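Small disclaimer: the values here were computed from a predicted structure and weren't measured. Side chains included, hydrogens not; waters and symmetry mates left out as well; all remaining heavy atoms used.
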Amino acid sequence: MSRAIPRTYWVAGTAVLLALLFAAAATVAAANGGTAARPAPAPRTPGLHSADAGFARDMAVHHQQAVEMSFIVRDRTQDEAVRTLAYDIANTQANQRGMMLGWLDLWGLPKVVADEPPMSWMESSAGHGGHAGHGPAKPGALMPGMATKEELEQLGAASGRDAEVLFLQLMTDHHKGGVTMAEGCAQQCVTPVERQLAQGMVDAQRAEVTLMADMLKQRGATPRG
């Protein structure tokens with residue numbers, strides 16, 4: 001039986017929509033030079049190992065897994081609230097991923113750097129907010145918050161309530177890792193539109209973490225850890 005979509009879902013959805021609209025408006029403003037009367041100076045292109053480029057590369061990978069998990073659970077449950085949340089996450093994060101990969105192309109930078117460990121761009125921020133203490137990824141996961149191959153297989157094999165609970169737990173962990181990364185960019189990235197997008201991610205994903213805690217409670221479960 002499907003459940004009514006919680007009121008907090010609309011709060012989270014609104015936060016996501018506002019973040020995307022704000023980022024899009026900022027992109028247009030940047031492209032137009034800020035004002036017609038006094039064009040803004042050309043922004044400095046981020047370097048290969050800058051926080052701007054590192055965040056774009058890592059968060060693109062992080063987002064891709066969220067999209068994958070959302071599509072998996074969509075086919076494993078008929079619950080309206082979970083399917084709607086999964087669709088929103090997949091749509092939002094796929095769009096954001098496209099923006100970040102587009103920036104890398106605009107900057108003339110590769111989407112993958114062979115000798116760059118995941119999250120290495122955050123280590124330099126230890127003196128600027130302490131984000132180097134984000135904690136290691138769990139064994140088998142590429143970055144903090146990400147699910148392992150075994151967990152993805154478990155989600156794909158589950159159905160009904162079991163799939164709903166596992167998805168909400170995995171996505172809660174995923175969002176918490178993503179929030180830490182986005183906070184790092186909001187403090188360390190120098191590209192204004194990217195910093196704005198990162199802050200939008202922080203706000204929206206925190207709202208969704210609260211929403212998912214409520215949804216887990218409705219199913220007699222709790223977030224992991």
Side-chain angles (χ1 to χ4, degrees), residues 12 15-16 18-31 33-34 40-67 89 92-138 141-146 171-209:
V16 172
L18 289 175
L20 286 175
L21 291 175
F22 187 63
T27 302
V28 172
R44 178 170 61 87
T45 300
L48 179 64
H49 297 292
S50 64
D52 304 63
F55 173 76
R57 283 190 290 265
D58 282 351
M59 190 58 89
V61 174
H62 209 269
H63 271 22
Q64 180 58 35
Q65 188 183 77
V67 173
I89 291 173
T92 298
Q93 298 209 14
N95 287 336
Q96 292 175 343
R97 183 174 185 271
M99 292 175 66
M100 291 181 287
L101 294 178
W103 288 333
L104 289 170
D105 283 338
L106 182 65
W107 299 333
L109 298 176
K111 298 176 179 66
V112 177
V113 178
D115 61 347
E116 181 181 70
M119 309 293 288
S120 59
W121 61 274
M122 289 191 69
E123 301 305 322
S124 62
S125 66
H128 304 275
H131 283 288
H134 52 75
K138 61 189 172 186
L142 185 63
M143 286 178 271
M146 293 186 69
M171 193 60 75
T172 295
D173 292 344
H174 203 273
H175 273 18
K176 288 179 179 178
V179 165
T180 299
M181 294 168 65
E183 286 177 332
C185 178
Q187 292 191 15
Q188 296 303 302
C189 292
V190 299
T191 306
V193 67
E194 188 176 19
R195 294 181 63 168
Q196 292 159 3
L197 178 64
Q199 186 59 53
M201 291 178 186
V202 171
D203 298 338
Q205 292 192 25
R206 280 178 174 168
E208 286 183 341
V209 166

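- Rounding to the nearest 0.5 angstrom, the gap separating the CD atom in Gln187 from the CZ atom in Arg195 is 8.5 Å.
- Listed here is the closest heavy atom pair of Ala182 and Val202: CB-CG2, 3.5 Å.
- At least one side-chain heavy atom of Pro46 sits under 4.5 Å from a side-chain heavy atom of Thr191.
- Under the 4.5 Å side-chain criterion, counting only non-hydrogen atoms from C-beta, Thr180 is in contact with Met122.
- Shown here are the side chain to side chain contact (heavy atoms under 4.5 Å, CB included) partners of Val113, two or more places apart in sequence or in another chain: Leu48, His49, Arg57, Pro110, Asp115, Glu116.
- For the residue pair Gly178 and Met59, the shortest heavy atom distance occurs at O-CE, 3.4 Å.
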Margin query: Would Gln65 and Met143 count as a side chain to side chain contact (heavy atoms under 4.5 Å, CB included) here? Give the steps.
Written below: CA-CA 11 Å; Gln65 188 183 77; Met143 286 178 271; over 6 Å; no

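- When the side chain to side chain contact (heavy atoms under 4.5 Å, CB included) test is applied to Arg97, the partners found at least two apart in sequence or on another chain are Ala60, His63, Gln64, Leu101.
- Listed here is the closest heavy atom pair of Cys189 and Phe55: SG-CB, 4.3 Å.
- With Asp58 contributing its side chain and Met119 its backbone, the two residues share a donor-acceptor pair below 3.5 Å.
- Listed by chain and residue number, His174 satisfy the ring pair (Phe, Tyr, Trp, His ring centres under 6.0 Å) test with His62 (two or more places apart in sequence, or in another chain).
- Put simply, the side chain of Leu197 reaches to within 4.5 Å of the side chain of Trp103, judged on heavy atoms.
- Taking Thr172 as the reference, nothing meets the side-chain hydrogen bond (donor to acceptor under 3.5 Å, both in side chains) condition, with sequence neighbours excluded.
- Under the salt bridge (Lys or Arg N to Asp or Glu O under 4.0 Å) criterion, no residue pair touches residues 184-193, with sequence neighbours excluded.
- Between Ala198 and Ala186 the shortest heavy-atom distance is CB-N, 3.9 Å.
- Every residue meeting the side chain to side chain contact (heavy atoms under 4.5 Å, CB included) condition with Ala56, not counting sequence neighbours, appears here in chain and number order: Met100, Leu104, Glu194.
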